[in-house]
Peer 1: 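Dropping a structure here in structure tokens format, bear with me for questions.
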Protein chains: 2
Amino acid sequence: MATGRTHRPATRSRGIPEATVARLPLYLRALTALSERSVPTVSSEELATAAGVNSAKLRKDFSYLGSYGTRGVGYDVEYLVYQISRELGLTQDWPVVIVGIGNLGAALSNYGGFASRGFRVAALIDADPAMAGKPVAGMPVQHMDDLERIITDNGVSIGVITTPAGAAQQVCERLVAAGVTSILNFAPTVLSVPEGVDVRKVDLSIELQILAFHEQRKAGEGAAAAEAALPPAARESAVDGTSTASGTSSGAANTASDTAANTASDERKGPDGEVPAVMPA
Amino acid sequence: MATGRTHRPATRSRGIPEATVARLPLYLRALTALSERSVPTVSSEELATAAGVNSAKLRKDFSYLGSYGTRGVGYDVEYLVYQISRELGLTQDWPVVIVGIGNLGAALSNYGGFASRGFRVAALIDADPAMAGKPVAGMPVQHMDDLERIITDNGVSIGVITTPAGAAQQVCERLVAAGVTSILNFAPTVLSVPEGVDVRKVDLSIELQILAFHEQRKAGEGAAAAEAALPPAARESAVDGTSTASGTSSGAANTASDTAANTASDERKGPDGEVPAVMPA
DNA sequence: GGTTGTGAATAAATTCACAGCA
DNA sequence: TGCTGTGAATTTATTCACAACC
């Protein structure tokens, strides 16, 4: 091609890889910070560092959006903020409901970042009648009975579930039946939804378990010795050559969870080396 | 089964793909539920359904752990619970500290799932002197000044950061310097850490933005109450599957060619209030 | 000079499909 | 017969490296 002078995804139809989509918010955040500091342009290298990825990946990601940079110069910060916002659908308003106003639901309701960018908490819903009317984050909690009406009246298409696990699937079904097509699930359970509905989950204990897995191997060789030992022989030094200073930084909930975590040479272990590496079984 | 010495994966010691590791907690949760119902064995198909993945993936994942199933029968639930727990390092105790006891930090402190499986909240830490001594989740909040001592005394290697974004990097550095090698970051910022330290992040607004992206391309515009939204030249594109959701196989490469007319030339700064993203207030 | 954008190469993850065993 | 375990095929993601352009 090499045509277009216009900034426009020439032949680039919308086929943005999921991994790229998951990183766009990261770039957007970094760009917003630059914008607030009135930085006019930024190179892929600088922006990548700020977002915690490498520059090749960033450029490739941006290439799916179109040609928004200028060779030899970099990217115009404001323009890119706008383009990414638009791509993510943040130029429109997304009313959201939070169902389950317990500790977590209340905390999220108060979370500033919520409303920061295109999202607006349209309603807080809880099944407990005693909660009804109570103000949380300056907003009266509404009862579950009104869920359908609330969804409809506000044109809500995104729901956040912060109920106990046992109630999540049922709440999910009601949300979907009422018209919600995207769900962010904080309840530790797998939701099953009809096709066309997106679910993303945020799960504290899963994240901790993943960390524990890696942590376990930093604690020196010898895990799993109780039962079958087998010549370690491992130890193939991974390549890694991440020249970029900062180490890992890992990925989002699902989709792309990179966690570089190459166990390169870790005989170092933390200062506190007490935890028994080998469990008694 | 496999009497005698359980033959280990042999050449398969350390090489569990990251994607597999990220799913092990999911399998474990499903297995635990089965265990509680005293179900003795389960097939890959059943377990996969319960965990929200497909059976081929599940079997492949398990193959990295070893041969723990029985052909023609399935997997022994209890045995698999144990093997996965061990693999994830959950047979040992992981003391964890939570830094930043605002709304979110307090909510997490109270979160039951925390202690459920190998993890134990060793301390709650906050920078606000007014918080010191106050009980949260039945535990007195301690002051940031004591962070290093707390980490050391308790042999903490996993830290959870729930501070405002602005404080996160500094807290992170102190945690790492004190010996923490795994961090779960809830603050909306990229943490940079030395090699050997794992960071996983949980970020509400990123998740919402990803959902918004997909939402935007479902059914054109959808129920947005829309204000003076600029026409995003909606193009179709198959929704792709994401995370846990079951459906999502509809690939359908977007055909079309034409060029999306992004007529966006309006004012970019929509009606957004530009609220600074801060954590719980 | 400097930096983007992108084909080509590589790596990682997923899915297929079936041999092999209980 | 039924279901696991896994090589092979496929798809998706990342990285390389350099031509194109400012």
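Chain letters run A, B, ... following the sequence lines, proteins first and then strands; every chain starts at 1.
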Peer 1: Would you please name every residue forming a side chain to side chain contact (heavy atoms under 4.5 Å, CB included) with B:Glu173, sequence neighbours left out?
Peer 2: B:Gln169

Peer 1: Rounded to whole angstrom units, what separation is found between the CG atom of B:Asp76 and the P atom of D:dT4?
Peer 2: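 Distance check: B:Asp76 CG to D:dT4 P gives 13 Å.
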
Peer 1: Look at the side chain of A:Ser85 and the backbone N and O of A:Val81, then say whether any donor-acceptor pair between them is shorter than 3.5 Å.
Peer 2: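 Present.
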
Peer 1: Taking only residues two or more places apart in sequence, or in another chain, which ones meet A:Phe186 in a ring pair (Phe, Tyr, Trp, His ring centres under 6.0 Å)?
Peer 2: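 Applying ring pair (Phe, Tyr, Trp, His ring centres under 6.0 Å) to A:Phe186 gives none.
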
Peer 1: Taking only N and O in the side chain of A:Ser44, is any of them less than 4.0 Å away from OP1 or OP2 of C:dT4?
Peer 2: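 Checking C:dT4 against A:Ser44, a side-chain N or O does come within under 4.0 Å of OP1 or OP2.
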
Peer 1: Does any pair with a residue in residues 33-60 of chain B pass ring-ring contact (aromatic ring centres under 6.0 Å, His included), and if so which ones, sequence neighbours excluded?
Peer 2: none

Peer 1: What ring-ring contact (aromatic ring centres under 6.0 Å, His included) pairs are there with at least one residue in residues 16-40 of chain A, not counting sequence neighbours?
Peer 2: A:Tyr27-A:Phe62

Peer 1: Between B:Gly72 and A:Thr20, which residue's closest nucleotide on DNA chain D lies nearer the 5′ terminus?
Peer 2: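 Of the two residues, B:Gly72 wins.
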
Peer 1: Would you say A:Lys218's side chain and B:Gly196's backbone share a donor-acceptor pair under 3.5 angstrom?
Peer 2: yes

Peer 1: May I have the distance from B:Phe62 (atom CZ) to D:dC3 (atom P), rounded to whole angstrom?
Peer 2: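 Roughly 16 Å, once rounded to whole Å.
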
Peer 1: Holding to side chain to side chain contact (heavy atoms under 4.5 Å, CB included), I want the full list of residues that pass it with B:Ala50, two or more places apart in sequence or in another chain.
Peer 2: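 So B:Ala50 forms a side chain to side chain contact (heavy atoms under 4.5 Å, CB included) with B:Ala30.
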
Peer 1: Using whole Å, what does the distance between atom P of nucleotide C:dT4 and atom CG of A:Leu58 come to?
Peer 2: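 Atom-to-atom, A:Leu58 to C:dT4, this comes out as 8 Å.
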
Peer 1: Among pairs that include at least one residue of residues 47-69 of chain B, which meet salt bridge (charged side-chain N to carboxylate O under 4.0 Å, His left out), considering only residues two or more places apart or in two chains?
Peer 2: B:Arg23-B:Asp61

Peer 1: Using five pairs at either end of the helix from C:dG1-D:dC22 to C:dA22-D:dT1, determine the angle between the two local helix axes and round it to 10 degrees.
Peer 2: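 Helix axis angle between the two ends: 10°.
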
Peer 1: Within the 4.0 Å heavy-atom criterion, would you say A:Tyr75 contacts the bases, only the backbone, or no part of the nucleic acid?
Peer 2: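 The answer is sugar-phosphate, as A:Tyr75 gets under 4.0 Å only of primed atoms, P, OP1 or OP2.
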
Peer 1: Could you give all pairs that pass the salt bridge (charged side-chain N to carboxylate O under 4.0 Å, His left out) test and reach residues 24-51 of chain B, with sequence neighbours left out?
Peer 2: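 Residue pairs passing salt bridge (charged side-chain N to carboxylate O under 4.0 Å, His left out), neighbours aside: A:Asp203-B:Arg29.
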
Peer 1: Which whole-number value in Å describes the distance from A:Glu18 CD to C:dA13 C1'?
Peer 2: 14 Å

Peer 1: In whole angstrom, what separates A:Ile16's CD1 from D:dA13's P?
Peer 2: 12 Å

Peer 1: Quick one: A:Leu80 CG to C:dT3 C1', roughly how many Å, whole number?
Peer 2: 14 Å

Peer 1: Atom pairs, N/O to N/O, protein against nucleotides 6-9 of chain D, distance under 3.5 Å?
Peer 2:
residue: D:dG7; atom: N7; partner: B:Lys60; partner atom: NZ; Å: 3.3

Peer 1: If you compare every side-chain N and O of A:Asn54 against the phosphate oxygens of D:dT15 (OP1, OP2), does one of them come in below 4.0 Å?
Peer 2: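 Yes, because at least one side-chain N or O of A:Asn54 sits under 4.0 Å from OP1 or OP2 of D:dT15.
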
Peer 1: How close or far is atom P of D:dT12 from atom NZ of A:Lys57, stated in whole angstroms?
Peer 2: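 Between P of D:dT12 and NZ of A:Lys57: 18 Å.
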
